[in-house]
Amino acid sequence: MLTASCCYTDRRRGQLAALSIAAVVIIVGVPLWWRTTETYRAWLPVNQINELANLQLQLSADVEVVFARGTVTPEQQKKVPTQVVISLCLFCSSPLEADLSLHTLSESPCGSLVVYVIPESSTLLPEDVDVYIGQRRTALLRIGAQMRVGRTLEQLLAHLEPRIKQVLQVMSFSHTDITAALSDRVRLSPGNKESIADSMRAFKSSPGYEITFSLLNPDPKSHRVHWDIEGAVQTYIQPLLTKLAPLANFSIDSQTLYYAMLGVNPRYDSSRSAYTLNSDSLAHVINPVEARLGSNAASSNPVLNFLLYVPDAHHSPLHIHDHKKQEVLSNAFHSPRWGGIMVYNVNGFYGPEAVFPVDININMAKVMGVFLAQLRLLLGVQSSAPPPGFLVAPCSSTGLADWELDRLMWSRTVENVATATTTITSLAQLLDQIGNIVINDNIAQQVSSAVTSLQLAVAELEAGNLGFALQYSKEAILASERAFFDPSLLHLLYFPDDQKFAIYIPLFLPMCVPILLSLLKIVSEARQKRRERQAKKD
Amino acid sequence: MAAHRCSNCAALLILCSLSVFIVVDSQETTLNGGHHATTVHNPQTTTGTAEQTAEPAVEERRWEATAVEEATPDDDDDAAASDKQDTSAPETVDPSSVPQPKDDFQEELVIRPLHSGDIYASFQFRTVWETDFMRGNKVSHYRLFPKSLGQVISKFSVRELHISFTQGYWRTMQWGQPFQPSPPGAELWVWFQDSVTDVDGTWKELTNVLSGIFCASLNFIDSTNTVQPSASFKPLGIGNETDHRFLRYATLPREIVCTENLTPWKKLLPCGSKAGLAVLLKSEKLFHSSFHSQAVHIRPVCQDWQCKTTSWELRQTLNVVFDLHNSAQGKREWSLFKMFSRTLTEACPLASSSKIYIDITDNPQGEQFEVSPATPLLSQAVVLGDRRTFSVYDLTQQITFGTVRSLNLLIRWKSSEGDMLRPLLHAERYVAGYGLQTGEIHTLMYNNHPYRSFPVLLLDSVPWYLRLYIHTLTVTSKGKDNKPSYIHYQPSKDRLRPHLLEMLVQLPPNSVTEVTVQFERALLKWTEYTPDPNHGFYVGSSVISSLVPSIVAMDTNSTRERPLFSSFFPCKEESSYFVRVYTEPLLVNLPTPDFSMPYNVICLTCTVVAVGYGSLYNLLTRSFQIEEPSPGLAKRIANIIRKMRGVPPL
């Protein structure tokens, strides 16, 4: 009897021990193992990133409408909250002068517009011109006869609104600009091929650009070519880049490449006694040259290449033909997001008794004119045709009007915001999908700062502070790229979970088998006991 | 069939648009693909439409003619107009108005028949550019100087840069001294300008950029193989800055040099490999040789004798030794065509001088070998302490190429015996000892000068995993202890920096000086081993720099016109010349562990834990009962016997 009870308590104790060991293993051991073999993942602002993913952009631009004397009736004038009605430039004879004098009147911050409404009878603008767009952020708007019918100021403003909207579309941003800038995030509606081509021509937004001018001289035996690139850059390119400085950093290089051939053999056209490059062969021109151009060793910014090709003596003159078989006047072409090439024929300078090599000085004014036009295109300074009745002021000495810069800044800010958002959301998605990636505190910090900058940029866009918005969007793009391309993300990427389990099998197997067996035994004993008890009852 | 044609057409279209620009392309191909996918049902008709719709799109994006109308800035009109007037006049041929270029390019090839019967060919290309990379002003307009290197110099504020890639070991005993010595593998040493504040950071970035430019693994240069020699590597250009804080030196003895390093090197030449001497540089021949070394040296040099203006010199050198016996099937006859599988037809039109020198010093009467075509031009140059005579072929003269308009130099040996050269200074090195724990590095330096002793600077950079016992350092010559007059030793730090040992040793005449130092091999972490750890670990060459007494007076004027090969190391005094000798790199075996070890350790630990756990588990869960012990075998047998006897059992 004694032995039986002793045996029973012993069994009981053994069962309890097995149960408690199982409990310890499950409650302490497994979580401990899980914690120690886990990859480190810092906290990311996932909610804010998800909010960014369905981002609603709201752009607002300050438009100031100034009525000149004679455009508002006295009763309308009473209702104008502040007396800003000015008599403007009585003695100005041309809109250009008026524009300049108005500019000195009020300095408007970047992103904003001032529209001066002038009376119908004003002789400032030519007959058929209703709107004059100045070099700064000003526009002159001639008030139409039908606009004066309104009695109240509200009616007048309502009449003016469509005109001002047009002015805004020309000078600040239009719907197509913004969709083009958002093309990374928004699928473009097919059909408008022209706008797609336009949007793809310009370089992507980047904090800096390298501009490289290369003189290609495939035949140094015949031509000794000299170009005053230094002076030309100072005269023609630098003013534009100084103006564009708030947008990005630019650096300029130039080089001379000898024996750099084009990839295609030009065809001899006997009717013109000249060599021709057809439009469909232009695509093959660049690749062999590009190997020689060399990448920029010192930075990773995108490079804008401008090549001046002096054809060799046996293949000149060389003309580029468009697909209508017409000679291209400038003898130049550009390739979207890459740069431009100009062919510069020098056979005219040989003279009858030329002794090779011939010394040739390049007319930089002609070359730089072409390159400047290409540069404007590639940077996205679009000169879309203004609507009828608009007159755009000629370029200033910098080659870029203030409002053109603003326009560029609007679209670049939107593009930056879109790119940074895409980068951050795709990074978050990637990190979410692949659990093995280690997320350092550094990366988490970059992500958070990118998100904060993005939110600030969006807020500034809403408030109409273009300068700050651009600044914040640049910061956002930098932080997001740094986070996305951080090498520490790759460390444990290829260490799958099944290997982790395989390594610990020698520990798990001997530990779990006795636990499982004793648990099974306990269960079966309990079941047997119950059966016995039931049998006893019966 | 029709579907097949359609897909062919589509493929053609896709191919066609692929050759257009890649950026535009992704859109384009999807466009074509879409057409194809939607029109599978009716291929015959729709191919045409696909073609029609896709074609103009292709043409539109491929290129866009630039309109000039908007080109010239309008209000620049007067400026542009005046410019036009200015420049349209000199556009015609008018040499007087052409600006004098500030850069100059020279090319040179020296061919020296070696005593062993091999041929040593040394190319040098020198670009001198009168500009100023120092003092922070931006240089951005390049003509003959390569843009990539110029950008590197100005971005990283480099004052002097020397980089060499070498395949094979220069056998000083058989071949004499090379014009430009270099150790096997890659070597890089850079003097930074004193405006650089974070030298280590700049050095790291610079090595990364250079590895991109030269397609080499220079990015493996880090703090564990970089040293700052205090005396061995003085600036070769002008400048009296000798603070070795701004100097970094590193070698990668493992680096293998091949075509991918030669191509970017050739790209730096103004004429590329299209004209001039560089047409000879064909990789299939150059790398089929006993020794190949290519280098780039950038340094500031004096423009003129007074040194009022400085200019930058870029020297690209390529040295190659062709093995005569292997590739000529025993015939001792050599020509440019046999060496390089090319002949020369022209000089590089950009070069101000383009010459080939053939060393005929040992062959004054033509008894050793015969050179054809013969040239009347002879030149004497003092190089490496010896006055040597060269036949000169000037490639800028049309007459050099003769009537066939191509130059194929031919060297035909007459006598076959070559006697051993006795270079004044040479060195060798080896590892002694057995086992995987300790060892000893022996460096032997030979002074073969019959009566002059001279000092040499020995530089040793040993990786941290060979722990040098510096107290065992001994220097002996002729059996006697030779006390170095200067020792600079920087001990290593594990995983941070290597050992650096510099010594100034006086070599007695006609003697062998032996430097020995013992070391212990460290155990590395398992991730620090190379993919082939049993191959061993390389220890870079020792560098021996010395001013060797010269037999003839050396030329100390560095700006005088003379062949490039004799003007590389600046000469300070007439009675001696500078020589740098590299020893062999060492290959040391380190104890290599079993690389499945981590897994084994985990397994073993787990098993031990499991065994301990199992017994503990058993103790805790099993119940123990006292059991009647069964009687032993003897007792049982006794009981059986007792039973048989009828007595009660025990």
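Just the heavy atoms: all of them, side chains too, but no hydrogens, waters or symmetry mates, feed the values below. A note on names: the letters A, B, ... follow the listed sequences, proteins ahead of strands, and every chain is numbered from 1.
The candidate from A/Thr212, A/Val285, A/Ile515, A/Val233 with the greatest count of non-hydrogen atom pairs under 4.5 Å with chain B is A/Ile515. Among A/Gly340, A/Gly231, A/Pro514, the residue with the largest count of heavy-atom pairs under 4.5 Å with chain B is A/Pro514. Ranked by heavy-atom pairs shorter than 4.5 Å toward chain A, the options B/Cys271, B/Gly272, B/Gly614 are led by B/Cys271. Interface check for chain B: of the options A/Arg224, A/Arg292, A/Lys221, A/Gln15, the most heavy-atom pairs under 4.5 Å are formed by A/Lys221.
B/Tyr142 places no side-chain N or O within donor-acceptor distance of the main-chain N or O of A/Thr256, the cut-off being under 3.5 Å.
Between B/Tyr617 and A/Ser518 there is a side-chain heavy-atom pair separated by less than 4.5 Å. Residues B/Leu269 and A/Tyr258 fail the side-chain proximity criterion, which asks for heavy atoms closer than 4.5 Å.
The minimum heavy-atom distance linking A/Arg13 with B/Leu619 is given by the pair NH2-O, 4.4 Å.
Summarising the geometry, atom SG belonging to B/Cys606 is positioned 11.0 Å from atom CG belonging to A/Leu509; distances are rounded to the nearest 0.5 Å. Taking CD of B/Gln151 as the reference point, atom CD of A/Glu210 lies at 7.0 Å (rounded to 0.5 Å). Rounded to the nearest 0.5 angstrom, A/Leu257 CG and B/Arg143 CZ are separated by 12.5 Å.
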**Message:** Pair B/Lys147, A/Asp253 - check side-chain contact (heavy atoms from CB on, under 4.5 Å), show working.
**Reply:** CA-CA 8 Å; B/Lys147 180 169 81 97; A/Asp253 286 305; 4.0 Å; yes
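No part of B/Glu205 comes within reach of chain A, as not one of its non-hydrogen atoms sits under 4.5 angstrom from that chain. Heavy-atom distances place no part of B/Leu210 under 4.5 Å from chain A, backbone and side chain included.
Environment of CD in A/Glu230: sparse, with no more than 12 heavy atoms of neighbouring residues, nucleotides or ligands closer than 6.0 Å.
Under the side-chain contact (heavy atoms from CB on, under 4.5 Å) criterion, B/Leu616 pairs with B/Leu620, sequence neighbours left out.
Using modelled atom types, one finds no donor on one side chain facing an acceptor on the other under 3.5 Å when comparing A/Tyr259 with B/Ser273.
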